[in-house]
Amino acid sequence: MSNPNIRVRFAPSPTGPLHIGGVRTALYNYLFAKKMGGTFLLRIEDTDQARYVPRAEEYIIDSLKWFGFLPTEGPGMGGEYGPYRQSERKAMYGQYATQLVENGKAYYAFDTPEELDAKRDAEKAKGNHNFRYDNVTRNEMKNSLTLSAEETQKRLASGEDYTIRLKVPVGETVTFTDLVRGEVSFETNELDDKVLLKGDGMPTYHLANIVDDHLMKISHVIRGEEWLPSTAHHILLYRAFEWEATMPQFAHLPLILKPVGNGKLSKRDGAKFNMPVFPLAWEAEQAEDSFLGFKEFGFLPEAVINFLAFLGWNPGTEQEIFSVSELCEAFSIDKIGKAGARFDYDKAKWFNQQYIHAAETQRLAELVRPLVAAKGYEVSDEFLVSYCELMKDRVVLLTDFIETGNYFFEGVTTYDDQNISKRWNAEVKTSFESLIGIIENATDFNAESLETAVKNFIQENGLKMGTLFPLLRIALAGTMKGPDVFKMIELLGKDDTVGRLQKAVEYFDNL
RNA sequence: GGCCCGUUCGUCUAGGGGUUAGGACGCUGCCCUUUCACGGCGGAAACACGGGUUCAAUUCCCGUACGGGCUACCA
């Protein structure tokens with residue numbers, strides 16, 4: 001069921017790697033579009049040349065690709081409302097800004113950044129800590145409202161740098177209904193005359209955003225709460241353009257907060273808490289600006305999606321595990337919470353564990369393959385699949401597959417000495433060596449037969465499982481932890497198993 | 001400082017004028033088990049505070065406190 005009237009966009013700035021809050025914004029937009037049968041598009045807001053980072057746009061798209069919620073319109077993706085990169089729309093914004101000046105809704109301002117800084121400092125010195133360029137102070141600044149028409153024309157003609165500022169009306173109340181917060185209002189007397197067009201001819205976020213959302217027929221603006229205060233300006237802009245009738249609806253998402261401490265989640269929290277805050281790895285010139293992502297930490301994309309979906313939203317039922325398609329079905333804006341949500345890494349890991357348990361073993365093996373290769377281990381595909389099957393219940397992250405089960409690949413490197421010395425003695429050794437013989441001579445080398453054979457041996461000799469099993473386990477794995485001993489033996493194969501057991505006897509003796 | 005937004009277990013949250021305030025993560029006890037894990041069954045743990053309104057307020061209103069965001073020719 002498709003609905004051409006529902007169009008939403010994800011509009012990031014390519015200033016660096018896309019952080020996890022941005023991913024969640026993209027996700028909510030995607031889910032909303034899917035739920036409503038609408039369109040989800042990507043728009044790159046690259047109007048700040050100073051902060052532009054070349055690789056960032058590619059990173060954003062790679063990330064969306066990894067999660068599997070790629071927009072259907074965007075740079076390099078087609079769509080009839082392009083271009084979808086704002087830098088490529090530069091000329092258009094200038095025209096719209098000029099139109100606003102002609103209609104008396106905006107004005108030229110000639111104050112240089114230095115002059116503005118000086119003005120702010122001067123006001124601060126006078127005890128005024130909140131100078132703003134507003135409907136009062138504009139009368140004392142250098143702009144087309146205070147300058148004569150001739151002077152303005154002269155400055156424009158001379159090529160002097162100028163900005164175009166929104167002429168915020170006096171004494172009005174701007175009220176709108178936010179889809180998550182309800183009615184919100186602002187007094188225009190508290191609002192500053194935002195710069196619409198910068199000295200370099202580029203639009204600011206405010207202008208570009210409104211023009212593009214209008215031209216791209218955006219029906220719902222779903223974005224972070226940091227944009228709530230500027231929404232008043234945006235509404236004023238829609239009015240100035242006389243686009244209010246088709247103005248999109250707004251939904252401001254609660255922010256994602258630090259796991260502990262004050263403030264919103266930042267990129268530095270990743271290093272601080274040893275957890276990912278970006279979807280994919282990002283390589284920067286400075287080591288401190290380089291990061292590993294959720295992917296490299298060993299997360300499955302759908303687990304991250306499920307986790308993120310629940311950071312600020314819930315379905316109102318007790319179901320927690322949702323596939324992406326279930327999420328699309330269940331999603332609704334009115335279930336989005338209002339308060340900021342702390343980033344809970346433990347919960348993220350729990351989601352991942354749940355998804356790994358439920359994942360096809362074949363797929364896990366494919367994901368683990370490159371990790372195994374990176375370690376230099378050489379194993380067959382059959383081995384890897386069986387190994388993943390054996391380990392998937394005791395793994396939280398994909399990287400755990402090579403860490404907690406490393407002895408499968410490289411043999412036993414360290415033994416649990418304490419548990420050995422507690423159990424090892426001459427008598428036990430005799431039984432243990434008989435046990436090796438049984439394994440060595442086993443004709444049906446599979447877990448079930450081996451278990452029967454070993455248990456029979458134990459019973460016939462009046463031994464206890466508790467004396468031999470732990471030693472068997474330690475001999476094979478070095479540790480008391482791990483999967484079923486007989487399944488381990490089957491996977492390791494006869495030669496490897498017997499080799500490990502013999503090596504262990506020697507080690508146990510010398511302990 | 002000003003403006004705007006928010007506040008239910010440690011965390012994510014459900015709920016909503018009368019509930020034993022529900023679930024999940026984490027923590028913890030027991031069971032399962034040759035170990036670890038998985039799984040199952042339990043436990044501790046919350047309505048920020050003060051005033052109203054009301055027969056009744058955690059729920060509605062107002063304050064306060066606390067938290068968050070914005071306050072750039074950044075987005």
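Proteins get letters first, then strands, A, B, ... in listed order; numbering begins at 1 in each. The model shown is predicted, which means the values in this text are computed figures rather than measured ones.
- In this structure, of rC12(B), rC3(B), rU35(B), it is rC3(B) that holds the atom nearest to the side chain of F186(A).
- Nucleotide rG63(B): paired with rC49(B) (Watson-Crick or G-U wobble, both distances less than 3.5 Å).
- Taking atom CD1 of I336(A) as the reference point, atom P of rU13(B) lies 12 Å away to the nearest angstrom.
- Taking atom NE2 of H233(A) as the reference point, atom C1' of rC3(B) lies 11 Å away to the nearest angstrom.
- In this structure, D134(A) pairs ionically with R132(A), as a charged nitrogen and a carboxylate oxygen lie closer than 4.0 Å.
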Exercise. Mark up nucleotides 22-31 of chain B, 5' to 3', with B wherever a protein heavy atom is under 4.0 angstrom from a base atom, S wherever such an atom reaches only the sugar-phosphate, and - elsewhere.
Key: SBBSS-----
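- One donor-acceptor pair, N or O on each side, does fall under 3.5 Å between the base of rC36(B) and the side chain of R394(A).
- Between F294(A) and F299(A), the ring planes are perpendicular. Angles over 60° get that label, and only those under 30° would be called parallel.
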Exercise. Sugar-phosphate atoms are those with a prime plus P, OP1 and OP2; base atoms are the rest. Using that split, label each nucleotide of nucleotides 66-75 of chain B B, S or - for protein heavy atoms under 4.0 Å, 5' to 3'.
Key: -SSBS--BBB
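- Across all strands, P259(A) comes closer than 4.0 Å to no nucleic acid atom at all (heavy-atom distances).
- Of the C1' atoms belonging to rU8(B) and rG16(B), the separation is 11 Å, rounded to the nearest Å.
- Regarding contacts with the backbone of rU13(B), every side-chain N or O of N314(A) stays at 4.0 angstrom or more from both OP1 and OP2.
- Straight-line distance from the CZ atom of R342(A) to the P atom of rU7(B): 15 Å, rounded to whole Å.
- With both ends at atom P, the span from rC55(B) to rC49(B) equals 24 Å, rounded to whole Å.
- Between K335(A) and rG15(B) there is a side-chain polar atom (N or O) within less than 4.0 angstrom of OP1 or OP2.
- For the pair F250(A) and H252(A), the minimum side-chain heavy-atom distance is below 4.5 Å.
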